[in-house]
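Working notes, beginning with the structure itself.
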Amino acid sequence: EYDGERNPEGERHGRGKAKLPNGDIYNGEYEHGLRSGQGTYRFKNGACYIGEYLQNKKHGRGTFFYPDGSKYEGDWVDDQRHGYGEYMYANGDVYTGEWFNHNRHGQGIYVYKETGSKYVGGWVNGNQEGEAELIHLNHRFKGKFLNGNPVGYGKYVFDIGCEQHGEYIQVKEIDKGEGEEEEEPSLLAEPKWKASEITKLTLWTPHGENPPSPRKVSLVTAVAEAVEERTETAVTGEEEMPPVAGLF
């Protein structure tokens, strides 16, 4: 059903309202029979899009309200979240940053509502990846991430005025004992933090070619032990949310 303007050729052109066979409703602008311009599309499942269209596809600036209560507000290209936008998840977490082909991709900030922690850095195909900073209430971690987990050299910066340097090392889970009917390959476990030294605040960054030289574990103080205890807990890893911050 359609109620609205048409051009001399009889095409939907200008403003109009249409009810689609599947029960969805569109109210907005048309060009030569296609949704183009500003409009509101209400889905039968309760979702709603308010924004720009181009040839029947979401394109330009727009806001999408999802049935689970989450919301995306930002750029769209060819029906995909693409460009820059903010996604508020059903649990209150918020991502603000770059998007590519519907995924978090580029530079962005993810704020965890439950802990107040904040991830600031790179993303690749929806995963935390690249140089980044994970900011907690009284300390922060600066380093690199891969597939949502910290990797390689990094440092913890504490508000009390010191830094703990170290490295996240990928370790294998312990193989099962003998007697198994079939042997399974060792699975990669979550990276484990290996502390090297504690220093005063420095300007060293994860992409520096000369990280601090390692020292014996005996030099690591109680601050190091506290961080290692945090990292013993595994970091778990529409839109999938990143692992819960605050576990390392």
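Residues passing the ring pair (Phe, Tyr, Trp, His ring centres under 6.0 Å) test with H59, sequence neighbours excluded: none. The side chain to side chain contact (heavy atoms under 4.5 Å, CB included) check on F100 picks up H82, H105, with sequence neighbours excluded. Residues passing the ring pair (Phe, Tyr, Trp, His ring centres under 6.0 Å) test with Y2, sequence neighbours excluded: Y30. Take E31 and apply the side chain to side chain contact (heavy atoms under 4.5 Å, CB included) test, not counting sequence neighbours, and it matches H13, S36.
Connection of I169 to L146 is not established within any shared hydrophobic cluster, with ILVMFWY side chains joined at heavy-atom distances below 4.5 Å, either directly or through further cluster members.
Y168 and Y156 have tilted rings, their planes meeting at an angle from 30° to 60° on a 0 to 90° scale. Note on ring orientation: taking the six-membered ring where Trp is involved, the planes of F141 and F145 are perpendicular (angle over 60°, cut-offs 30° and 60°).
Listed by first then second residue, pairs satisfying salt bridge (Lys or Arg N to Asp or Glu O under 4.0 Å) with a partner in residues 86-103 number zero, not counting sequence neighbours. Sorted by first then second residue, the salt bridge (Lys or Arg N to Asp or Glu O under 4.0 Å) pairs that include residues 47-58, not counting sequence neighbours, are K57-D78, K58-D79. Sorted by first then second residue, the salt bridge (Lys or Arg N to Asp or Glu O under 4.0 Å) pairs that include residues 3-15, not counting sequence neighbours, number zero.
Shown here for Y119 and E129, the closest heavy-atom pair between the two residues is OH-N, 3.6 Å. Minimum interatomic distance between G122 and A132 (heavy atoms only, all atoms of both residues): N-CB, 4.3 Å.
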Taking distance alone, no hydrogens or angles, what donor-acceptor pairs closer than 3.5 Å link side-chain atoms of residues 37-45 to residues at least two apart or in another chain?
from, atom 1, to, atom 2, distance (Å)
Y41, OH, D24, OD2, 2.9
N45, OD1, A47, N, 3.0

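Between L137 atom CG and T115 atom OG1 the span is 7.0 Å, to the nearest 0.5 Å.
At least one side-chain heavy atom of V94 sits under 4.5 Å from a side-chain heavy atom of T96. Between L34 and H32, every side-chain heavy-atom pair lies at or beyond the 4.5 Å cut-off. A 4.5 Å side-chain heavy-atom check between R61 and W76 finds every atom pair outside the cut-off.
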Q | side-chain contact (heavy atoms from CB on, under 4.5 Å) assessment of W123 paired with Q128 | A | CA-CA 5 Å; W123 297 78; Q128 296 168 343; 3.5 Å; yes

Q: Applying side-chain contact (heavy atoms from CB on, under 4.5 Å), run through K17 and I25 and close with a yes or a no.
A: CA-CA 7 Å; K17 182 177 182 180; I25 297 176; 3.9 Å; yes

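For E133 and R140, the salt-bridge test passes: some basic side-chain N is under 4.0 Å from an acidic carboxylate O.
Members clustered with F65: I50, by chain and number, using a 4.5 Å side-chain heavy-atom cutoff among hydrophobic residues. When hydrophobic side chains of Ile, Leu, Val, Met, Phe, Trp and Tyr are connected at separations under 4.5 Å, I135 ends up clustered with I109, V111, V120.
Shown are Y66, W99, F64; of these, the ring-ring contact (aromatic ring centres under 6.0 Å, His included) with Y72 is made only by W99.
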